[in-house]
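Here's the structure we're looking at; comments come further down.
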Amino acid sequence: MSTPMVQVKDVHKFFDDLHVLRGVTFDVQPGTVTTILGPSGSGKSTILRCINLLETIQAGSIHVDGDLIGYKEKNGKLYELPSKEIAKQRSSIGMVFQRFNLFPHMTALENVMEAPIQVKGMKKDDARAHAKKLLKQVGLGDRMDHYPAELSGGQQQRVAIARALAMEPQLMLFDEPTSALDPELVGEVLAVMQDLAKQGMTMIVVTHEIGFARGVSDQVILMDHGQIVEAGPPAEVFDNPKHQRTKDFLSKVL
C-alpha cells in the first residue's frame with residue numbers, strides 16, 4: 001500500500017460540553033473514494049471540516065499527503081500554525097458544501113477564476129483559460145456567462161465543483177453536495193463526481209446517496225454518535241454488515 005493521502009488518527013472534537021468526534025481513525029489512499037454515511041448529528045460533516053481546517057480538534061492528528069494539518073511538531077509538542085500556513089494547507093484541499101456559496105454578482109466564469117487570481121496570483125488570461133476548461137469539464141461550457149440566479153441548483157453546484165477544482169487540489173471533500181437539490185437535479189452532480197473519481201481524484205464524500213456510495217466508493221464508513229461503527233469495501237458494508245447498528249441504519253435507507 002502507498003502512503004495514505006489522508007490519515008485521521010484518534011481525533012476528538014468538542015463543541016463546549018458536546019463531544020462530537022470520539023476517537024475517529026481512518027486512512028484514505030491516494031486516488032480512492034471514501035464515502036461517509038450515518039444519521040444526522042453523527043459527526044460526518046464535522047470530520048470533513050476538521051480535515052479542511054474549518055474546525056480545530058482537541059485531540060488526535062490529521063495528516064494530508066504526509067503533512068500534519070493545522071499544527072507543527074517541535075520537541076515533542078504541537079504548536080498551532082500561523083494563519084498564513086493554514087491558508088496554504090487549505091488551498092490544497094478542495095471542498096464543496098451543501099449550499100453553493102457562489103458570488104451572486106459574478107458570472108460562472110468569474111466565480112471559477114477568482115480564487116486562482118486572488119490566492120495563487122495567476123494571471124487573468126491564464127485563469128480565464130483554466131476556468132473555461134473546468135466549466136466545460138463539468139458540462140457548463142454554454143453557461144459560462146450566466147450569473148448564479150440564472151442557473152439551476154444542479155448547475156450552481158457544478159460551478160462550485162469547478163471552482164474547487166480551479167485551485168488544483170490534491171484532495172476533494174464533498175459535504176452532502178446533493179442534499180439541497182431537487183431530486184431530478186441530483187444525477188447531473190453525481191455524474192461529475194463519478195467522472196472525477198475515474199480521473200483518480202482522491203475524494204471523501206459525506207452523502208445520503210446510497211447508489212453513489214455503492215457504485216463509486218472504494219471505502220464506506222458508517223458513523224454514529226461521533227464514532228466509526230463500521231468501515232470497509234461497499235460490498236462488505238452493504239451486503240454483509242457486521243454490526244447491528246449498521247444493519248439498523250441500512251434497513252431505513254436501502
Listing request: all salt bridge (charged side-chain N to carboxylate O under 4.0 Å, His left out) pairs with a residue in residues 16-43, at least two apart in sequence or in separate chains. none
Residue that, paired with Ile161, satisfies side-chain contact (heavy atoms from CB on, under 4.5 Å) out of Leu196, Leu134, Val112: Leu196
Separation between CG of Asp126 and CE of Met113, rounded to the nearest 0.5 Å: 10.0 Å
How is the hydrophobic cluster of Met106 composed, in terms of its other members, when Ile, Leu, Val, Met, Phe, Trp and Tyr link through side-chain heavy atoms under 4.5 Å apart, directly or indirectly? Phe103
List the steps and the verdict of side chain to side chain contact (heavy atoms under 4.5 Å, CB included) for Val216 and Leu190. CA-CA 10 Å; Val216 180; Leu190 293 179; over 6 Å; no
Could you give all pairs that pass the salt bridge (charged side-chain N to carboxylate O under 4.0 Å, His left out) test and reach residues 69-78, with sequence neighbours left out? none
So, does Arg49 use its side chain to make a donor-acceptor pair with the main chain of Glu55 at under 3.5 Å? no
Does a side-chain heavy-atom distance below 4.5 Å link Met223 with Leu21? yes
Could you tell me whether Glu150 and Arg143 make a salt bridge, using a distance below 4.0 angstrom between a side-chain N and a carboxylate O? no
Minimum-distance pair of heavy atoms, taken over all atoms of Gln170 and Val64: NE2-CG1, 4.2 Å
Quick check against the 3.5 Å criterion: does Glu230 have a side-chain atom that pairs as donor or acceptor with the backbone of Lys242? yes
Counting N and O atoms only, with roles assigned by atom type, does the side chain of Lys120 sit under 3.5 Å from a partner on the main chain of Met167, one being a donor and the other an acceptor? yes
Less than 4.0 angstrom from a charged side-chain N to a carboxylate O is my criterion; do Arg245 and Asp248 meet it? no
